[in-house]
Amino acid sequence: MKQNFITALDITHHASTKQQKITNNELVDIVLIGAGVMSATLGAYLKVLEPNWTVHMYERLEKTAEESSNGWNNSGTGHAAFCELNYTTQNKDGSIDISKAIEINESFEVSRQFWAYLVKQKILNNPQSFINNVPHMSFVWGDDNIRFLRQRFKALQRSSLFRGMTYSEDSQQIQQWAPLIMNGRDSFQKIAVTRMEMGTDVNFGEMTQQLLVTLQKSPYFHMHLKHNVVDIKRNIDNSWSVCVADYNNEGQQRTVRARYVFIGGGGASLKLLQKSGIPEVDGYAGFPVGGQFLLATDPKVVSGHFAKVYGRASCGEPPMSMPHIDTRILDGKQILLFGPFATFSSKFLKQGSLLDLFSSLTHQNILPMLHVGLDNFSLIKYLIGQLMMSKKDRLNALQQYYPQAKLKDWSLIKAGQRVQVIKKDNKKGGVLQFGTEMVSSADGTLSALLGASPGASTAATIMLELLNTMFKQQASSQAWQHKLKEIFPSYGQKLNDNLALTNKMRHYTSNVLGLTM
């Protein structure tokens, strides 16, 4: 049930209190900032749970899903920890820690259930337009890496989530699974792979656009494109005033009051959080990293490979450096991507400003950032090496995964911009995090998502957690609990170590989404 807030008109507060004069009588239930997969996912939840809530979405670009969610700005891997070796770390005693892999796979299974529900409700249409089966493979060479992969495979078999994964060091078997990575390879080279046939390729841009098209059919949902949020302030009644510049109207500004605000603006989220004045953002900083991929579209090349093949990052290199050669299905067309090759820019968004990094620096986050710089020399060295790569260097990297690759068949494309989270740490001064993190005001009425991968793949889980942060009263109500159990047949249960439930959920989602197990 919608809560009623006392309205306060023409009340002026001192700027030091981070409150401002209310200039608009309009009070909406929630403002969603950014038209990407996170905001779209939260909007879809609210459409189901509170269909009469007024929702305003603001996007500074003229189209939706144009930054990190865009299919060309990410690798489209349905991150389920099937092939990503950085989600399973090796302990000092040689054992393999699979806890992160289990967490990510559980989250992806939640996303699959959510998408299946949306398809059944016709909020999403034609699943093959946004999700398709593409086998996930891990590929390594050399004795140490092979030993790691073998141990990883054995460790994962202890979890019901990874049943069905196969392991091989047989070159003939690997040739059948992925001929492109084997043709022309030295027959004496020791190699090993794992393969999970039920892996997926996901076009998060297409998914996001479909969600937003459907949401706009509701009279309670209002989409505002070419609208840039320039300020956020708390009001005396605990609502929020969101100041927006309308680029359709020469940048004219207006203020909208909202009971709740979610900042899903990708790299721009940090700066907007800082504008809100909430103390919870103190000590957070961002480190921007861009990416490039080699792209092949020639059917003669593309037809020789149908898998997402992930390698292992070299010793001392960050998780983002994991090389992979991916089958992608974008707009119904099959292509190949290889990368990533890191780039550096001070922009927080692909279509952002070169001043983004510098304008985000505060007296609270400058020290954590300096500590991270001192403690992560290997990252700096990696980025410098990436920036100095020539065409021949990129070809050499590609040929480790595709021995017969020719540079003429590939073009270099620019991918999205990511902002890695830097946060204050009492012991180290500051730490660099690879992943996502939610930052919320003490009362939960304003929240933002920071960070990057596995991001979109686990959007349903992240936003489900957000529901319990922002809407505690509603989330515990019988109405919401009943609806959530309808959306998620496994709601409140873990799939790990429950083979029967795992198989049941995978059969269900595969059937609805047109996938195979």
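The figures that follow rest on heavy atoms only: side chains count, while hydrogens, waters and symmetry mates do not.
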Return the [atom1] to [atom2] distance between [X] and [Y], rounded to the nearest 0.5 Å.
X	Y	atom1	atom2	answer
F204	N73	CZ	CG	13.0 Å
S107	I462	OG	CD1	7.5 Å
Y401	L180	OH	CG	13.0 Å
N365	K424	CG	NZ	10.5 Å
N133	T516	CG	OG1	3.5 Å

Step through it carefully: locate the ring centre of [X], locate the ring centre of [Y], and say whether they are under 6.0 Å apart.
X	Y	result
F82	Y310	no
F114	Y45	yes
Y402	F338	no
F221	W53	no

Ion pair [X]/[Y], N-O distance below 4.0 Å:
X	Y	answer
K300	D409	no
E486	K483	yes
E66	K350	no
D443	R234	yes
R254	D246	no
R328	D201	yes
D29	R259	yes
K391	D393	no

Side chain to side chain, [X] and [Y], heavy atoms closer than 4.5 Å:
X	Y	answer
Y284	L450	yes
S129	Q210	yes
L32	H56	no
L212	Q209	no

Assess whether side-chain contact (heavy atoms from CB on, under 4.5 Å) is satisfied between L407 and L398, documenting all intermediate values. CA-CA 9 Å; L407 195 59; L398 172 60; over 6 Å; no
Test side-chain contact (heavy atoms from CB on, under 4.5 Å) applied to W240 and V31, step by step: CA-CA 9 Å; W240 294 91; V31 163; over 6 Å; no
Start with the C-alpha distance between L295 and W72, add both sets of side-chain angles, then the distance that settles side-chain contact (heavy atoms from CB on, under 4.5 Å), and finish with yes or no. CA-CA 10 Å; L295 164 70; W72 291 97; 4.0 Å; yes
So K308 and E84, salt bridge (Lys or Arg N to Asp or Glu O under 4.0 Å) or not? Walk me through it. CA-CA 10 Å; K308 290 182 177 290; E84 306 94 323; over 6 Å; no
Establish, yes or no, whether the cationic atom of R394 lies under 6.0 Å from the six-membered ring centre of W410 and within 45° of the ring axis. no
